[in-house]
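Remarks on the structure that follows.
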Amino acid sequence: MAGKRFAVLTSGGDAPGMNAAVRSVVRSTIAAGGEAFGIESGYEGLLEDAFRPLGLGDVGGILDRGGTILGTSRSERFKSAEGVAAASEILKARGIDGLVVIGGDGTYRGAEELSHSGIPTVGIPGTIDNDVNGTDTSIGFDTALNTICDAAAKVRDTASSHERTFVMEVMGRDCGILALYSGLACGADCILVPEVPWTLADVCASVAQGVARGKKHSMIVVAEGAAHAFGLATDLSEACGHNVRTVVLGHIQRGGSPSGFDRILASRMGAHAVRALIEGQSGVAVGLKNAETVTAPLADAYAHAHTLRRDIYELAKVLAL
Ligand code: F6P
């Protein structure tokens with residue numbers, strides 16, 4: 001291992017805990033006798049040859065910081081075969097022996113392509129969407145969930161004072177896990193996710209159920225991919241005559257200091273990614289399974305759509321009765 005050069009980048013939507021993962025990759029690499037490099041702005045920065053050496057002190061003070069000190073991007077250029085070939089040449093010219101990418105499914109696709117071009121790559125799941133397979137949870141999901149819970153508690157105070165219904169829109173274009181878990185954690189009356197068809201009548205019925213047992217407020221949590229909060233609020237108010245207000249949490253969910261859970265998860269995954277590279281693994285993603293960090297093929301992590309836990313969806317419905 002001595003003298004090996006490992007690089008790390010963050011890509012796609014940022015997620016709280018990415019910095020903790022970068023810190024872990026850098027320090028684990030140096031502890032094993034290697035050299036660490038950061039690549040700025042994800043794959044876009046890779047194509048610009050934007051490397052910087054990272055020493056032990058360069059990743060000090062970032063464990064509790066949200067966002068990513070490396071910067072991130074959603075690179076269109078890198079999606080082409082030419083882009084991947086150019087990136088691979090840059091990594092080879094730099095003498096990089098292994099690349100750790102931190103991000104979601106788009107990031108993993110890129111890493112898989114790079115591994116076929118002869119660059120050893122390992123992925124770490126960093127996305128608030130928690131929509132990659134091969135892991136029970138991704139870095140940033142727990143923090144985003146807690147951010148939503150904090151916001152929902154504030155919304156509930158004003159909602160019950162005014163006896164109002166609130167529609168709270170959370171992130172998740174194709175995947176409703178964040179909406180489902182936050183809805184369950186906040187006691188939502190109704191949870192709308194892209195994976196499960198719904199009707200306005202269902203939503204009205206859920207709200208009516210709470211009102212019938214004397215509830216002073218109602219909360220509908222909707223994933224951005226299931227409905228737009230403002231349209232839903234208008235329809236709901238017209239259909240059921242409720243006093244409806246709307247909250248769109250937006251990018252607030254992606255920011256903030258990572259939770260203790262995410263810091264530990266990121267630290268463990270970063271170290272595992274470096275171990276995997278040292279062992280000669282490539283084209284794999286680190287995951288958390290049964291409380292242990294493991295690796296599985298990158299392709300398995302993004303090839304199949306992440307499936308929503310229907311048992312948890314049903315539980316949320318039962319507990320909202
Ligand atoms: O991938 C994370 C995510 O936050 C999604 O939940 C959301 O749909 C998307 O990113 C928003 O992306 P952007 O910040 O590019 O608008």
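The figures here come from the full heavy-atom set of this structure, side chains too, leaving out hydrogens, waters and symmetry mates. Counting starts at 1 for both ligands and their atoms, following the listed order.
- Taking 4.0 Å as the cut-off between side-chain N and carboxylate O, Arg173 and Asp129 do not count as a salt-bridged pair.
- Side chain of Asp202 to main chain of Thr199: a donor-acceptor pair is present (N/O by atom type, distance under 3.5 Å, no hydrogens or angles).
- For the pair Val221 and Leu192, the minimum side-chain heavy-atom distance is 4.5 Å or more.
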Dump the pairs for me: ligand 1 N or O, protein N or O, distance under 3.5 Å, to 0.1 Å.
{"unit_1": "ligand 1", "atom_1": "1 (O)", "unit_2": "Asp129", "atom_2": "OD2", "d": "3.1"}
{"unit_1": "ligand 1", "atom_1": "4 (O)", "unit_2": "Arg254", "atom_2": "NH1", "d": "2.8"}
{"unit_1": "ligand 1", "atom_1": "6 (O)", "unit_2": "Asp129", "atom_2": "OD1", "d": "2.6"}
{"unit_1": "ligand 1", "atom_1": "6 (O)", "unit_2": "Asp129", "atom_2": "OD2", "d": "3.3"}
{"unit_1": "ligand 1", "atom_1": "6 (O)", "unit_2": "Gly172", "atom_2": "N", "d": "3.4"}
{"unit_1": "ligand 1", "atom_1": "8 (O)", "unit_2": "Glu224", "atom_2": "OE2", "d": "2.5"}
{"unit_1": "ligand 1", "atom_1": "10 (O)", "unit_2": "Arg74", "atom_2": "NH2", "d": "3.1"}
{"unit_1": "ligand 1", "atom_1": "10 (O)", "unit_2": "Arg254", "atom_2": "NH1", "d": "3.0"}
{"unit_1": "ligand 1", "atom_1": "12 (O)", "unit_2": "Arg74", "atom_2": "NH2", "d": "2.9"}
{"unit_1": "ligand 1", "atom_1": "14 (O)", "unit_2": "His251", "atom_2": "NE2", "d": "2.8"}
{"unit_1": "ligand 1", "atom_1": "14 (O)", "unit_2": "Arg254", "atom_2": "NH1", "d": "3.0"}
{"unit_1": "ligand 1", "atom_1": "14 (O)", "unit_2": "Arg254", "atom_2": "NH2", "d": "2.9"}
{"unit_1": "ligand 1", "atom_1": "15 (O)", "unit_2": "Arg74", "atom_2": "NE", "d": "3.1"}
{"unit_1": "ligand 1", "atom_1": "15 (O)", "unit_2": "Arg74", "atom_2": "NH2", "d": "3.3"}

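- A salt bridge does not link Glu112 with Arg109: every distance from a Lys NZ or Arg NE/NH1/NH2 to an Asp or Glu carboxylate oxygen is 4.0 Å or more.
- Side chains of Thr295 and Gln281: a donor-acceptor N/O pair is present below 3.5 angstrom, by distance only.
- Cysteines Cys240 and Cys204 have SG atoms closer than 2.5 angstrom.
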